[in-house]
Amino acid sequence: MPELPEVEVVRRGLVSWVRGRTIDFVDVLDARSIRRHALGPGDFIGNLEGAVVADVVRRGKFLWMPLLDSSPGAPERVGGSPHPSVALMAHLGMSGQLLMQDPDVPDEKHLKVRLRLSARDGMPEQLRFVDQRIFGGLFVTSLVPTEDGGPGGLAESPLPLIAEEAAHIARDPLDPNFSFDLFYRRLRKRKTGLKRALLDQGLVSGIGNIYADEALWRARLHYARPTDTLRRSEAERVLQSAREVMVDALAAGGTSFDSLYVNVNGASGYFDRSLNAYGREGEPCARCAAAGIHATIRREQFMNRSSHTCPVCQPRPRNGRW
DNA sequence: AACGCGACCTGCGAGC
DNA sequence: TGCTCGCAGGTCGCGT
């Protein structure tokens, strides 16, 4: 569910609560939520207990916390300075939440993993992973060198390392180091539709079904537009649209339709009110209405999910163009 | 190599 | 009341 703005809201919320704290106890309530940790719950817990959370960083929708071993003489102390080599990875999937909670707060219905952190004045004790659909999960992974300078995201980590499972993910459009030239070159080589390309995290990260539909609407482009016919100006337009809609969503605390997406303090974002296409089936297209034209947002199945378009200002491409 | 589909899950609202 | 169906923000792996 959560796309870049929602994950970034979570990252920002998390960092001040957890940075520098030690993970004292770990409780895995549902092993399915750590199924990507191949060595199982015992190994997962063993890796985390006693570790210090060094930071919270993100690449696309992948979020991770580099860990320092708090024991003396730990192997990752390179050159006398702490240097994380492993991280706690989190992906929220469709319904995952990371919540900071006091110990007296009753367990959430879909609580999957509980981390008890070292005491800090005025800070909640627990970091909880809650996930209804279990498409998300936690696992411990290695930090590996990255060619392109760091994990990316909006708050660049000084560490030129990236979590192994996020290494194949491209930078996101809000990342200062995002390369439009590289994106456009790779886009033109694809033989696919524009929305499928926008959702391909290896090409550009952070965009999901909501912001893909919104970016396409803002750019007045159809989801099935063949990528190999896309002009540079059109690619720039859709990228810039994605940037604008995600910046606006970030400022609004993300998009929430229900209690499934909340920040680390349990609060919903309110960007759903600003959506122009996603979830607006049957409603008038705001841009057409402003021009005195009557047009209705349409929902169609594409890639086994819903796509929302205005049939008037986002016409279906013909002969590879429009 | 790249594309595109099915699988992985639970829960909710609509319709009968 | 209770059933079935369709729908939901994502990613991965496999067959073509």
Side-chain angles (χ1 to χ4, degrees), chain A residues 1-10 29-38 58-64 89-98 108-112 129-139 141 163-170 172 185-215 223-224 226-228 242 245-246 249-250 252-263 268-275 277-282 299-308:
Chain A
M1 122 195 2
E3 305 181 33
L4 185 155
E6 293 74 36
V7 178
E8 177 64 14
V9 166
V10 169
L29 291 93
D30 188 340
R32 292 177 300 175
S33 286
I34 60 158
R35 63 174 175 270
R36 288 192 73 179
H37 191 91
R58 177 182 66 74
R59 179 109 161 187
K61 304 169 199 170
F62 286 82
L63 184 77
W64 65 92
M89 172 69 99
H91 199 291
L92 302 179
M94 292 281 264
S95 55
Q97 305 175 347
L98 287 166
E108 292 76 8
K109 184 175 178 192
H110 299 292
L111 178 62
K112 304 300 182 184
F129 181 71
V130 175
D131 191 9
Q132 178 195 105
R133 294 180 69 185
I134 338 183
F135 286 175
L138 304 182
F139 53 96
T141 189
E164 211 173 346
E165 284 78 4
H168 66 293
I169 300 295
D172 67 64
R185 226 179 304 134
R186 297 184 61 200
L187 184 73
R188 286 287 305 229
K189 281 192 219 149
R190 299 289 174 104
K191 289 227 164 291
T192 190
L194 180 54
K195 181 170 174 180
R196 198 184 291 279
L198 293 177
L199 293 176
D200 183 343
Q201 305 296 302
L203 191 60
V204 53
S205 71
I207 301 175
N209 205 35
I210 297 177
Y211 299 109
D213 280 4
E214 292 301 308
Y223 60 80
T227 50
D228 58 356
V245 73
M246 292 197 293
L250 197 48
T255 299
S256 307
F257 301 115
D258 49 43
S259 60
L260 276 190
Y261 168 70
V262 291
N263 67 18
S268 290
Y270 49 90
F271 191 68
D272 62 308
R273 296 172 211 172
S274 306
L275 298 175
Y278 188 88
R280 298 249 176 265
E281 181 187 19
R299 180 168 67 89
E300 294 163 288
Q301 287 301 116
F302 179 67
M303 296 173 69
N304 287 328
R305 55 213 313 195
S306 292
S307 284
H308 307 76

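Chain identifiers are assigned alphabetically (A, B, ...) following the order of the sequence lines, protein sequences preceding nucleic acid strands; residue numbering begins at 1 within each chain. What you are looking at is a predicted structure, and each value in this text was computed from that prediction instead of being measured.
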Exercise for review: Just call it for A/Ser306: base, sugar-phosphate, or nothing, with non-hydrogen atoms closer than 4.0 Å on any strand.
Suggested key: sugar-phosphate

Review point. Distance check: side-chain N/O of A/Asn304 vs OP1/OP2 of B/dC5, anything under 4.0 Å?
Key: no

Exercise for review: Give a yes/no answer on whether the side chain of A/Lys109 brings an N or O atom under 4.0 Å of OP1 or OP2 in B/dG11.
Suggested key: yes

Check your understanding: Quick one: is A/Ser95 getting a side-chain N or O under 4.0 Å of the C/dA8 phosphate, OP1 or OP2?
Key -> no

Review point. Can you check whether A/Arg190 has a side-chain N or O nearer than 4.0 Å to OP1 or OP2 of B/dC3?
Key: yes

Exercise for review: Using the P atoms only, state how far C/dC14 lies from B/dC9, rounded to an integer number of Å.
Suggested key: 16 Å

**Study point:** Carboxylate-amine/guanidinium contact A/Lys191 A/Asp228, below 4.0 Å
**Key:** yes

Check your understanding: When the ring planes of A/Phe302 and A/Tyr223 are compared, do they come out parallel, tilted or perpendicular, using 30° and 60° as the limits?
Key -> tilted

Check your understanding: Below 4.0 angstrom, N of the basic side chain to O of the carboxylate: do A/Asp213 and A/Lys195 qualify?
Key -> yes

Point to revise | Touch class at under 4.0 angstrom, heavy-atom based, for A/Lys112 against every strand present | key: nothing

Review point. Think A/Tyr211 has a side-chain N or O under 4.0 angstrom from the OP1 or OP2 of C/dG9?
Key: no

Revision key, fill the gap. Per-nt protein contacts along nucleotides 11-16 of chain C (heavy atom under 4.0 Å; B base, S backbone sugar-phosphate only, - none) come out as SS----

Check your understanding: Mind checking the C1' distance from C/dG9 to B/dC3? Whole angstroms is fine.
Key -> 24 Å

Review point. Does a side-chain N or O from A/Arg196 land closer than 4.0 Å to OP1 or OP2 of B/dG4, or not?
Key: yes

